[in-house]
Every structure is written in C-alpha cells, then in structure tokens.
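Scroll down for the structure; my scribbles are underneath it.
Computed over heavy atoms, backbone and side chain alike; hydrogens, waters and symmetry mates excluded.
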Amino acid sequence: MGRKTFCYHLLLHFALLFILSNAEDISLRPQALDSFNLSLIQNAGSCSYEVIISTSCSSSKYTRDQISLAFGDAFGNQIYAPRLDDPSSDTFESCSSDTFQITGPCAHQICYVYLYRTGPDGWKPVSVKIQGYNSFPVRFDYNVFIPSDTWYGFNYCGSSSFAPLHKISGWFLYPLLVVVASLLVV
C-alpha cells in the first residue's frame, strides 16, 4: 500500500470515527436499573470525589424530591450518597449546578452512575460529572426527567463504548485531520 493510499484510508477512518462519535445512540440514553442491591455498597473509604450535578431549565423551579446517587467502577468499588437534596437550600433548583464532595472507597475509572428520585415534584438533571483520585473526570448526560422510585442511569462497565471515550473532542480530532490531510498534499 502506497503512502497516499494509506493516508486516504486513515482519513476515511477518522472521518467515520467523527461521524459515529457524534451520532445519537439509544444505548447512550439513561436506562432504568431492574435491581440494585444497596447492601453491596461499601460505605467505608478514604477517597474523595467531586460530583457536579446540573439541573435543566425545564425542570421545576425547585424540587422537594429526595435524590440519591450511586456510582462506581468495574471492580466492585461502589459509592453511595443518600439524600443529596436539601429542602432548606436551593439544591437542584432549575438552571443550576450543585457541587458535592463525597467520600467513599477508592475506585478506579468510574463507569456507572445511577440517580434515584422519590417525591411529588419531578426533576430533570442535565448531567452528572464525577472526578476522583484514580479516575479521569467523567460526564454522564441525562437531559430527561428521572422516573420516581427507580434507579436510573448509565452502566458502561465492560462496554466498548465507554462514555468518556465514546466522543472524541474536536480540539483533538481537527488537528489530527489537518495532519493527515497535509500528508496527502505532500
């Protein structure tokens, strides 16, 4: 295979990757979890996580709902944060972001997150961002109302379309395409 042919193939692969990374995939939408055993959650731990939850502007002005969070890695390290809501504050107010410092077991790359909501108001998060000691920052995009009394979220553990790696940022892809295109000109 000649240099020019190789470059065309490389360019074609990156173009296809770009198209696929921006395509909407139903598997990337949050799903209800049939069963979730909280007795498996390890509450003791010494690692800190920063969790930022953004609430949609189409959510109610405020919510009285009780909202809990569970997340973890593919190795069974699970972190559970019950009752993140605080009715006496502006937590989960529409068009806002709330930051939580959560302590739990030291997990590796976070690959699943589930939210649990119970109450009369309804609540629509935009995203959940999690950053921890042993993992790259990860963002899970919801943008849907969370059903009541159901663990609802994402599990990319063991998936080839792991959320943080699924979409390639434009700041990385565009310069790479420019380099490949410049190889074609030479």
Side-chain angles (χ1 to χ4, degrees), residues 24-74 76-133 135-159 161-164 166-167:
E24 176 119 355
D25 183 354
I26 195 160
S27 68
L28 297 178
R29 294 185 182 150
Q31 304 289 318
L33 187 60
D34 293 332
S35 65
F36 194 63
N37 190 347
L38 287 177
S39 66
L40 298 177
I41 300 290
Q42 305 165 10
N43 286 322
S46 59
C47 285
S48 179
Y49 301 89
E50 180 180 76
V51 177
I52 302 170
I53 301 176
S54 298
T55 299
S56 171
C57 293
S58 61
S59 191
S60 59
K61 173 78 176 139
Y62 67 92
T63 186
R64 295 167 291 170
D65 293 350
Q66 297 174 11
I67 298 168
S68 299
L69 170 75
F71 61 93
D73 65 14
N77 296 302
Q78 304 174 61
I79 298 92
Y80 173 56
R83 297 291 312 263
L84 292 173
D85 56 284
D86 181 0
S88 66
S89 72
D90 297 332
T91 308
F92 303 123
E93 199 173 64
S94 66
C95 300
S96 69
S97 290
D98 298 290
T99 302
F100 304 93
Q101 297 299 323
I102 299 170
T103 302
C106 297
H108 296 281
Q109 184 61 50
I110 302 301
C111 56
Y112 75 84
V113 65
Y114 287 97
L115 292 167
Y116 186 87
R117 180 194 71 79
T118 187
D121 295 327
W123 174 62
K124 183 179 182 181
V126 173
S127 64
V128 175
K129 299 175 191 172
I130 303 170
Q131 183 168 330
Y133 174 74
S135 70
F136 292 107
V138 63
R139 176 183 164 144
F140 297 89
D141 292 320
Y142 277 83
N143 211 24
V144 294
F145 282 94
I146 302 296
S148 186
D149 302 316
T150 301
W151 285 102
Y152 201 68
F154 302 88
N155 186 345
Y156 294 114
C157 300
S159 171
S161 62
F162 180 47
H166 179 72
K167 291 187 183 248

Of the non-hydrogen atoms in [X] and [Y], which two are nearest, and what is the gap between them?
{"X": "Ala74", "Y": "Cys111", "result": "N-SG, 3.4 Å"}
{"X": "Pro82", "Y": "Ser68", "result": "CA-OG, 3.6 Å"}
{"X": "Ser48", "Y": "Gln101", "result": "OG-OE1, 3.7 Å"}
{"X": "Tyr152", "Y": "Pro30", "result": "OH-O, 3.4 Å"}

Which residue is it: Gln131, Lys129, Gln109? I am looking for the one with a side chain to side chain contact (heavy atoms under 4.5 Å, CB included) to Val138.
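The single option meeting the side chain to side chain contact (heavy atoms under 4.5 Å, CB included) with Val138 is Gln109.
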Inter-residue atom distance [X].[atom1] - [Y].[atom2], 0.5 Å rounding:
{"X": "Tyr62", "Y": "Asp121", "atom1": "OH", "atom2": "CG", "answer": "6.5 Å"}
{"X": "Glu93", "Y": "Thr55", "atom1": "CD", "atom2": "OG1", "answer": "9.0 Å"}
{"X": "Phe100", "Y": "Thr91", "atom1": "CZ", "atom2": "OG1", "answer": "5.5 Å"}
{"X": "Trp151", "Y": "Leu115", "atom1": "CH2", "atom2": "CG", "answer": "8.0 Å"}
{"X": "Trp123", "Y": "Ser56", "atom1": "CH2", "atom2": "OG", "answer": "10.5 Å"}
{"X": "Ile52", "Y": "Ser97", "atom1": "CD1", "atom2": "OG", "answer": "7.0 Å"}

Could you tell me if Thr118 and Asp149 have a donor-acceptor pair between their side chains, going purely by distance under 3.5 Å?
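Result is yes, a qualifying pair exists.
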For the residue pair Arg117 and Gln66, establish whether any side-chain heavy-atom pair is separated by less than 4.5 Å.
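Arg117 vs Gln66: side chains apart.
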Donor-acceptor pair, [X] side chain versus [Y] backbone, under 3.5 Å?
{"X": "Ser59", "Y": "Cys57", "result": "no"}
{"X": "Asp65", "Y": "Gly122", "result": "yes"}
{"X": "Asp73", "Y": "His108", "result": "yes"}
{"X": "Asp98", "Y": "Phe92", "result": "yes"}

Could you walk me through whether Ile102 and Leu69 pass the side-chain contact (heavy atoms from CB on, under 4.5 Å) test, one step at a time?
CA-CA 10 Å; Ile102 299 170; Leu69 170 75; 3.9 Å; yes
Checking Tyr49 now: which residues fulfil ring pair (Phe, Tyr, Trp, His ring centres under 6.0 Å) with it, not counting sequence neighbours?
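For Tyr49 the ring pair (Phe, Tyr, Trp, His ring centres under 6.0 Å) partners, ignoring immediate neighbours, are Phe71.
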Between Tyr142 and Phe154, does the ring centre distance come in under 6.0 Å?
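Ring centres of Phe154 and Tyr142 closer than 6.0 Å.
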Under the side-chain contact (heavy atoms from CB on, under 4.5 Å) criterion, do Lys124 and Asn143 qualify, and how do the steps go?
CA-CA 6 Å; Lys124 183 179 182 181; Asn143 211 24; 3.6 Å; yes
